[in-house]
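Each remark here refers to the structure printed beneath this line.
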Amino acid sequence: MIKVTFPDGAVREYAKGTTGTTIVEGISKSLAKKTVAMRWDGEMADLSDSLGADGRIEFVLRDDEAALELIRHDAAHVLAEAVQELWPDTQVTIGPVIENGFYYDFYRSEPFSEDELRQIEKKMEEIVDRGAEFTKEVWDRDEAKKVFGAKGEQFKVELIDAIPEDQQLKIYKQGQWFDLCRGPHMRSTKDVGKAFKLTKVAGAYWRGDSNREVLSRIYGTAWATKEQLDAYLHMVEEAEKRDHRKIGQEMDLYHFQPEAQGSVFWHPKGFVMYHALEDYIRRRLDASGYKEIKTPQLLDNKLWEKSGHWGKFRENMFVVPDETPTTEGDQPVISADANLLALKPMNCPAHVQVFNQGIKSYRDLPLRLAEFGCCHRNEAHGALHGLMRVRQMTQDDAHIFCRVDQIQSETEKFCALLDSVYEDMGFTDVKILLATRPETRAGEDAVWDLAEKSLGDALKATGRNFEIAEGEGAFYGPKLEFHLKDAIGRSWQCGTLQLDFVMPERLEASYVAEDGSRQRPVMLHRAILGSLERFLGMMIESYAGRMPLWLAPVQVVVATIVSDADAYAHEVAADLRARGIRAEVDTRNESINYKVREHSVGRVPFIYVAGRREAEEKTVSIRQLGSQGQTVKPVAEAVADMEAAVTPPDIRRNTAR
Ligand SMILES: [Zn+2]
Ligand SMILES: [Zn+2]
């Protein structure tokens, strides 16, 4: 007999070799109907597995979040079967689960075209309707190679050869069709359901090796219900419409070019927005007891060696020789023993240098040093993505140097500031993860205990919900991650708070404690936005370019109907600008409808229309982005309204107080 522990703590005995299926059917028919897999001692497993020893069981229901991965994996198998049924000459390779879906790579003479996807989906639905059971077999290696070889599946033979000798070769069957697979799977193809869609085709090299065969990859997405699928497809459609690269061009905010891969050329309109955001954060930090500093871009590699970055992070750093190159022809020549500098990939070691100036006492702590730090990271060209993934970024970075007993209160203060900033930006749905100690780590367990507890206590004390990300902390300390949800439901990790006991040690930071002894401070690496570039990219997408008024690059355009109103339009714009409002004038010889359309594409929130009548009566006709009508107001009133409306949220709060 074996002892099986259930999630509620109950323990029951079963005959050795009992399957999960038998257990769940013994509990209730209705539970069995919904259960597609199980977790055995925390590991996902086939429900039909026989249980050979004591353990903990949890049933995975089809509508559990955890079942999504199984649905997608099974869908990939169904896709491969469908393709081979339709085109028996096609060879199968691999088909992993990816975020929101799956893909499968096939080898055939002609790549798939998007036109074929509907036909494949139909066949997949047929296979789902058949409801063939997934069954697992363990095969002998040579036998497996023979079977796949005879079917002409050369890639599978290669995969088998790559599986370590001590690992079992598992085959999953669904009716006549079978695949080499680690599993687990749900009960039958019926469990896949029909909430799936094939989304696109692409080329891919076998094993990602450009010297090997080109495969044809089919991407798909799969969900538990049709509603989830529709919501996802709608989100993708919205995301495409809101792509910040497209909107950035329409609003004339910035550009990229090949000579500066991954580095932004901010245009005047984009930089105004960037500045408004930076100014806002600076005000918030000033008010929260941070001191702003500026540290060098280029630092000697000896410092990076000491901080540990040279060893762990070097391939991501841009290294610069500290000498004037001699030239041979047009080529610069660097001597072999040139002293090396690196462009900083992060600001932390430089901040410790500032901390280390002069003697610090416990009374100086916490010391909060902030920098809009411009950092460079050598990201691969292929990984770059508009503002979201760049090589040159500016972080809203700060390091808090404090005592261990100050971690909790500093964390509480940071969380309050972060919440308030996100709310000002229009984000209220924030998920917090507490990432705990990883397997390989520096420092003693007692310190880790205290650090993790301080972070957790700070969150609990302020009534915040959070999830634990077991083992996901950095090697030097635990961290908090803040994920915020945008207008179309996507999640973005922006804020972080990381505890660090290692860097103060490596770079010899210390303070004089109350008893006169020398102590190491703890270092809290923290950011709220993450990088200004990425945060703005995210804001542009979330707002579809219609930024909150205080961040809008141009807040109002005064547009004329007739040239007789030109002088008046300039007068109004000058009045607006004198009050700090970002106003432009459009006196071009174009129709007012043309002007309104064009400024709508540029996402200008307000247009003040000025014609002969408005000039005479000292009024403006106000058109707001996204609404049809217009209202006429005396210009003095309109300007005063605008002045109040463009006030950044923090200043508005302070004035209201
Ligand atoms: Zn599989
Ligand atoms: Zn840092």
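Both counts, for ligands and for their atoms, begin at 1 and track the order of listing.
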Candidate pair Lys156 and Lys151, rule side-chain contact (heavy atoms from CB on, under 4.5 Å), full reasoning: CA-CA 10 Å; Lys156 289 289 169 190; Lys151 285 175 68 186; over 6 Å; no
Quick one: do Lys360 and Asp364 make a salt bridge, cutoff under 4.0 Å? no
Could you give me a count of protein N/O/S atoms that are under 2.8 Å from the Zn ion (ligand 1)? 3
Sequence neighbours left out, what passes ring-ring contact (aromatic ring centres under 6.0 Å, His included) with Trp223? Give chain and number order. Tyr232
Name of the His525 atom (N/O/S only) found closest to the Zn ion (ligand 2): ND1
Within a radius of less than 6.0 Å around CZ of Phe313, do more than 12 heavy atoms belonging to other residues, nucleotides or ligands occur? yes
Any N/O/S atom of His351 sitting less than 2.8 Å from the Zn ion (ligand 2), backbone or side chain? no
Is any NZ, NE, NH1 or NH2 atom of the basic residue among Glu452 and Arg437 found under 4.0 Å from an Asp or Glu carboxylate oxygen of the other? yes
Hey, does the side chain of Asp46 reach the backbone of Pro184 with a donor-acceptor pair shorter than 3.5 angstrom? no
I want to know whether Trp206 and Phe155 have ring centres closer than 6.0 Å. yes
